[in-house]
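Only one structure is covered here, and it is reproduced in the block below.
Whatever order the structure lists ligands and atoms in, that order sets their numbers, starting from 1. All figures in this text were calculated on a predicted structure; none of them were measured in a lab.
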Amino acid sequence: MDDWQRLLQGSLRKPEEIARRFGLDVEEVRRIARVFKIQITPYYAGLIKERGDAMWRQLVPDPAELKENTGETDPLQEDRDSPVPSIVHRYPDRCLFLVSHSCASYCRFCTRKRKVGDASKIHPRYIEDGLAYIRNHSEIRDVVISGGDPLMLSDRKLEAIIKGVRDIPHVEIIRVGTRVPCVLPQRVTEKLVAMLKKYHPLYVNVHFNHPDEITPESSRALNLLADAGIPLGNQTVLLKGVNDDPLVMRRLMQKLLSVRVRPYYLYQADYVSGTEHLRTTVEKGLEIMEALRGWTSGLAVPYYCIDAPGGGGKIPVLPKYLQSITDEQVVLRNYAGELFVYPQVKPKPKRKPRPAIAPCYSFDGALPT
Ligand SMILES: *Cc1c(COP(=O)(O)O)cnc(C)c1O
Ligand code: SF4
């Protein structure tokens with residue numbers, strides 16, 4: 001057994017253990033565990049400094065989870081875009097390949113609660129069917145290997161999957177999405193990165209939500225990956241009582257850059273059942289984006305997205321920098337709130353002036369004459 005597997009085995013997961021360690025009611029913890037698995041690595045438990053802090057709120061179960069039955073089990077309707085159980089194919093040229101149902105720790109706000117934590121949902125042909133689907137769909141040039149957490153697989157199993165994807169000629173890039181560098185950084189070993197770097201171009205997207213998660217241990221893991229030439233991106237979920245503060249978020253983004261991770265997405269928390277106590281308003285997200293753009297490095301500014309309920313996919317949301325747009329001019333607001341005018345190029349004389357907003361032709365296929 002590898003060191004990281006031993007560390008993982010020492011995770012907190014028994015309701016009695018959790019209740020004792022965090023001063024919770026054991027019956028309540030049992031009830032929560034029946035809805036969504038509880039697991040906290042000893043490393044991450046060590047980052048929790050006090051009751052209700054940012055790390056606590058992410059992984060320690062909260063009795064509120066049981067009371068909040070608004071929200072959905074599959075808010076993004078991924079199952080609708082799932083041709084085989086391991087694939088979500090929603091966008092034209094890329095797909096998700098869900099290769100593992102385990103995670104090193106279970107985030108209480110997880111969008112895939114319905115799938116993760118339950119290994120029984122993986123049947124023998126699960127991976128093979130996914131590979132076959134990608135092979136048969138030559139439009140897929142980008143495969144996002146996700147889960148669960150792909151780094152919960154052994155190096156050997158993970159390599160078999162990555163190699164299987166890499167051997168498909170039309171797949172140009174591979175991405176691996178993982179929270180392991182944050183919750184179990186010891187899993188990122190020299191051996192793992194030596195394997196990953198054989199399958200370039202390969203990207204890794206990590207998941208950090210608070211600046212205090214960037215520790216010497218996680219920095220070491222990220223450094224190993226970056227030294228293997230793997231471009232690193234980060235996805236953050238906006239969470240109440242965790243990072244719903246412009247200063248906390250700015251510090252997180254800056255610290256990520258200092259360990260060579262480029263902030264990629266900031267997600268509005270999904271409308272998932274049992275997570276109401278962790279959601280914020282969209283105005284909060286906009287306020288945070290305003291506090292990033294212009295005030296710190298452009299590299300530190302992620303895209304703020306709402307993954308639309310009902311399967312609409314990721315929709316970017318921006319503060320209102322574009323104040324008005326006409327044929328003559330565009331009025332813009334800069335990060336400090338000052339207004340500026342950009343003159344439009346003069347329309348060619350003979351052409352009819354263009355409407356300010358392009359009409360949508362697709363509803364009846366008729367083109368304007
Ligand atoms: C997020 C996501 C992707 C990847 O989207 P990018 O914007 O390219 O990072 C692909 N498929 C699904 C279903 C997704 O949710
Ligand atoms: S690591 Fe990702 S998939 Fe796993 S519980 Fe957390 S959010 Fe869900």
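- Those atoms of ligand 1 with a heavy atom of Val88 less than 4.0 angstrom away are 13 (C).
- For atom 4 (C) of ligand 1, the closest heavy atom belonging to the protein is Arg175 NH2, 3.7 Å.
- Within a 6.0 Å radius of CZ in Arg6, other residues, nucleotides and ligands contribute more than 12 heavy atoms.
- Set against the non-hydrogen atoms of Tyr265, the atoms of ligand 1 under 4.0 Å away are 6 (P), 7 (O), 9 (O).
- In this pair, His137 and Tyr133 present their aromatic rings parallel. The plane angle is below 30°, not in the 30 to 60° band.
- Counted within 6.0 Å of OH on Tyr303, heavy atoms from surrounding residues, nucleotides or ligands total 12 or fewer; the atom is thus considered open.
- The closest non-hydrogen atom to atom 8 (O) of ligand 1, taken over Lys314, Glu78, Arg94, Arg90, comes from Arg94.
- Side-chain contact between Phe208 and Ser218 is present, with at least one heavy-atom pair separated by less than 4.5 Å.
- Minimum interatomic distance between Asp244 and Leu238 (heavy atoms only, all atoms of both residues): CA-CD1, 3.9 Å.
- For atom 6 (Fe) of ligand 2, protein N/O/S neighbours under 2.8 Å (waters excluded) are Cys107 SG.
- Between the CZ atom of Arg31 and the CG atom of Leu66 there is a distance of 6.0 Å, given to the nearest 0.5 Å.
- Atom 10 (C) of ligand 1 has as its closest protein heavy atom Tyr91 CD1, 3.6 Å.
- Not a single heavy atom of His89 lies less than 4.0 angstrom from ligand 1.
- Here the protein heavy atom with the shortest distance to atom 12 (C) of ligand 1 is Leu96 CG, 3.5 Å.
- If you number the atoms of ligand 1 from 1 as listed, the ones under 4.0 Å from a heavy atom of Tyr264 come out as 6 (P), 7 (O), 8 (O), 9 (O).
- Inside a 4.0 Å radius of atom 7 (S) of ligand 2 there is at least one protein heavy atom.
- Expressed to the nearest 0.5 Å, how far CD of Glu213 lies from CG of Leu252 amounts to 7.5 Å.
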**OP:** Go through the steps to decide whether Arg112 and Glu78 satisfy the test salt bridge (charged side-chain N to carboxylate O under 4.0 Å, His left out), and finish with yes or no.
**Re:** CA-CA 9 Å; Arg112 297 211 186 97; Glu78 291 189 320; 2.8 Å; yes
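- Side-chain contact between His170 and Glu139 is absent, with no heavy atoms from C-beta onward closer than 4.5 Å.
- Asp62 places none of its side-chain heavy atoms less than 4.5 Å from the side chain of Arg108.
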